[in-house]
2 protein chains.
Amino acid sequence: MNGDKLRSVSEKTINRLSLYRRLLENRFGKGHEHVFSHELAELACVTPAQVRRDLMCVDNSGSTSRGYSVQELVREITAVLDAPGGQRIALVGVGNLGRAILSYFSGRRPGIAITAAFDSDPSLAGRVINGCRCHPMSELSEVLRGSEIGAAIVAVPASAAQDIADRLVAAGVRGILNFAPVPLKVPEGVFLEHRDMTMSLETVAFFARRSLGDAE
Amino acid sequence: MNGDKLRSVSEKTINRLSLYRRLLENRFGKGHEHVFSHELAELACVTPAQVRRDLMCVDNSGSTSRGYSVQELVREITAVLDAPGGQRIALVGVGNLGRAILSYFSGRRPGIAITAAFDSDPSLAGRVINGCRCHPMSELSEVLRGSEIGAAIVAVPASAAQDIADRLVAAGVRGILNFAPVPLKVPEGVFLEHRDMTMSLETVAFFARRSLGDAE
DNA sequence: GAATATCTGTGAAAGCAATCACAGATAGTT
DNA sequence: AACTATCTGTGATTGCTTTCACAGATATTC
Ligand SMILES: NC(=O)c1ccc[n+]([C@@H]2O[C@H](COP(=O)([O-])OP(=O)(O)OC[C@H]3O[C@@H](n4cnc5c(N)ncnc54)[C@H](O)[C@@H]3O)[C@@H](O)[C@H]2O)c1
Ligand SMILES: NC(=O)c1ccc[n+]([C@@H]2O[C@H](COP(=O)([O-])OP(=O)(O)OC[C@H]3O[C@@H](n4cnc5c(N)ncnc54)[C@H](O)[C@@H]3O)[C@@H](O)[C@H]2O)c1
């Protein structure tokens, strides 16, 4: 297909494509069969030029007068983002955050499902939470290999996070979404996203304060 | 102090300063009174030049031969990031995610505390969760005004998020950390951080798949 | 005390990402 | 059918972020 273009798409563009798709899905059927770049831009809080740039990597052609067909656009973005048969994700660490994540993603996105959870707490082993089975850590490699899971969420305490990441990579995982407040080292070729809430909150606090100061 | 430099510091630099500080705090006392830029870079998974650039906005001078004094550096970063008397944050939406956040931040960072929570669910009103009092929505403006809260976390369903943001801004909030999966519109001068987990997870899944494809 | 080694701080260069601005397309209007 | 208005797709440009590379600083060695 359009593999050449995809090879060089930036992370930021993929982020926005994910957002565009959801915004479009929400609107479809509500009298909006078509959408202009400036409308989608308004929804996503970006510029129209940004939207058009991002859409250059999907195999789509907008009409000059009607804009983009919402349905087609969703289909084309899905062709880029989703694995053909859907993608399975693992979760490691079924504590407060892990459970919130399980409940949130349960059945939310068609193309993505958290199908296996792991925790060192023996009382969790064998339990099914929001349709997802919890396994003991000893089964990590076996379950991951057996179910073609290529990506995982890390929600264990900071002290355990690097070790977990190493084991995930060893088991074939090539993408990690890390919520532990510590940067992880992964080999070349493994995609890593560090979502550090302390960082986010301290940054928001800083700019809020600066904004208040500016206003004085 | 060094207010001029701070006026122009980028969000990314503030993010990393927050991270540097935590990494330094973890190390201090464990035989590491001093640290070189390349050591801190290794911990933070960035380049040494990046570390030195970032530190240009704090009032610090590293020694050529010993590097930076860990204690001094933490103090200097704190002078930049933290409000002198500590900063109070509000949380709106005490559901699965909101509760996880409350438990996580409870007593975690000295300079930041979530001191008020709000939820429309009447059964939560008056309860104290992890040391934080839950208020009914009707008290939002009053409580925020009365306690000099300048920043807030939004963890309500997407359908309510924009309305909540408007009310927060009206009550004087100048920084919002948004976990609802919808972009929010805020006036100029209000700092907004959108932490969209669906976006993050779909992006990780995409690059994991691409990485697997590349390897074939 | 000169030579060496290795650091920091930073101007300059390189690399990325967002925006501008316009050619070409398409429909509606007269 | 020519004119107007408004859209998309994209080369060129601008702006931001990171990295390079080196001057100047400081300790150590011989
Ligand atoms: N709760 C939040 O809102 C929040 C916010 C930001 C970051 N985090 C981070 O996310 C991670 C989890 O936070 P939480 O609040 O859910 O903590 P938690 O203590 O509630 O849960 C941690 C879970 O990990 C499991 N665990 C511990 N060590 C393990 C190991 N070696 N292997 C497998 N499982 C292990 C525990 O049994 C527990 O179930 C932490 O790193 C935390 O810093 C949490
Ligand atoms: N749970 C997760 O891990 C997760 C992950 C990503 C994003 N999110 C987002 O975070 C938000 C909260 O998720 P959750 O899982 O905690 O949902 P939840 O349903 O468990 O909690 C939502 C809370 O918001 C309250 N609420 C609803 N409407 C409100 C209103 N108008 N004013 C004030 N409070 C109101 C509810 O009473 C409830 O307590 C959602 O937008 C969700 O999409 C959650």
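Below, chain A is the first sequence line, B the second, and so on; all start at residue 1.
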Worksheet item: Any donor and acceptor pair, going by atom type alone, linking the side chain of S211(B) with main-chain N or O of G189(A) inside 3.5 Å?
Response: yes
Worksheet item: In whole Å, what is the span from the NE2 atom of H38(A) to the C1' atom of dA5(D)?
Response: 13 Å
Item to complete: Could you name each residue pair satisfying side chain to side chain donor-acceptor pair (under 3.5 Å) that touches residues 34-44 of chain B, not counting sequence neighbours?
Response: S37(B)-R52(B)
Worksheet item: Please, which pairs that meet ring-ring contact (aromatic ring centres under 6.0 Å, His included) have at least one residue in residues 189-209 of chain B, sequence neighbours excluded?
Response: F191(A)-F207(B), F207(A)-F191(B)
Worksheet item: For H34(B) and dT8(C), what is the distance between atoms NE2 and C1' respectively, to the nearest whole Å?
Response: 15 Å
With the criterion being N/O to N/O and under 3.5 Å, what pairs connect the protein with nucleotides 28-30 of chain D, and how long is each?
none

Discussion item. Using only atom types and a distance under 3.5 Å, with no angle test, would you say the side chain of R209(B) pairs donor to acceptor with the backbone of L81(A)?
Written reply: yes
Discussion item. Expressed as a whole number of angstroms, how long is the span from L73(A):CG to dT8(D):C1'?
Written reply: 13 Å
Worksheet item: For F36(A) and dG9(D), what is the distance between atoms CZ and P respectively, to the nearest whole Å?
Response: 12 Å
Worksheet item: Do M197(B) and L97(B) touch side chain to side chain, with heavy atoms closer than 4.5 Å?
Response: yes
Worksheet, complete the sentence: Residues in residues 186-198 of chain B with a heavy atom under 4.0 Å of DNA chain D, by number, are none
Discussion item. Under the side chain to side chain donor-acceptor pair (under 3.5 Å) definition, can you give me all pairs with a residue in residues 145-158 of chain B, not counting sequence neighbours?
Written reply: none
Extract from the structure each pairing of a protein N or O with an N or O of nucleotides 13-15 of chain C at less than 3.5 Å, listing the distance.
none

Worksheet entry | N60(A) CG - dA25(C) C1' separation (whole Å) | 15 Å
Discussion item. Tell me if a side-chain donor or acceptor on T78(A) pairs with a main-chain N or O of V74(A) at a distance below 3.5 Å.
Written reply: yes
Fill in: Partners meeting salt bridge (Lys or Arg N to Asp or Glu O under 4.0 Å) with E72(B) (sequence neighbours left out)
none
Discussion item. Once ring-ring contact (aromatic ring centres under 6.0 Å, His included) is applied, do any residues pair with F118(B), and if so which ones, sequence neighbours excluded?
Written reply: H135(B)
Worksheet item: Do side-chain atoms of Q87(A) reach the backbone of A205(B) as a donor and acceptor pair under 3.5 angstrom?
Response: yes
Worksheet item: Can you give one letter per nucleotide of nucleotides 16-25 of chain D, going 5' to 3': B for a protein heavy atom under 4.0 Å from the base, S for sugar-phosphate only, - for none?
Response: -SSB-B--BB
Fill in: Residue pairs, two or more places apart or on separate chains, that pass salt bridge (charged side-chain N to carboxylate O under 4.0 Å, His left out) and touch residues 14-23 of chain A
R16(A)-D54(A), R21(A)-D82(A), R21(A)-E202(B), R22(A)-D196(B)
Item to complete: Only pairs at least two apart or in different chains count here, so list each salt bridge (charged side-chain N to carboxylate O under 4.0 Å, His left out) that has a residue in residues 178-195 of chain B.
Response: E193(B)-R195(B)
Item to complete: Please tell me if the side chains of T198(A) and Y104(B) come closer than 4.5 Å, counting only heavy atoms from C-beta onward.
Response: yes
Discussion item. In this structure, how many angstroms lie between the P atom of dA17(C) and the CD1 atom of I14(A), rounded?
Written reply: 12 Å
Can you check nucleotides 27-30 of chain C for protein contacts, nitrogen or oxygen pairs under 3.5 Å, and list what you find?
unit_1: dA27(C); atom_1: OP1; unit_2: R66(A); atom_2: NH2; d: 3.3

Fill in: Any donor-acceptor N/O pair, R210(B) side chain to R7(A) backbone, under 3.5 Å
yes
Worksheet item: To the nearest angstrom, how far is Y68(B) atom OH from dT6(C) atom C1'?
Response: 13 Å
Worksheet entry | side chain to side chain contact (heavy atoms under 4.5 Å, CB included) evaluation trace for R27(B) with V70(B) | CA-CA 8 Å; R27(B) 274 165 75 82; V70(B) 174; 5.7 Å; no
Practice prompt. Grab the CE-P distance between M56(B) and dG9(C) for me, whole Å please.
Written response: 9 Å
Worksheet entry | Side-chain donor or acceptor of T203(B) paired with backbone N/O of M199(B) under 3.5 Å | yes
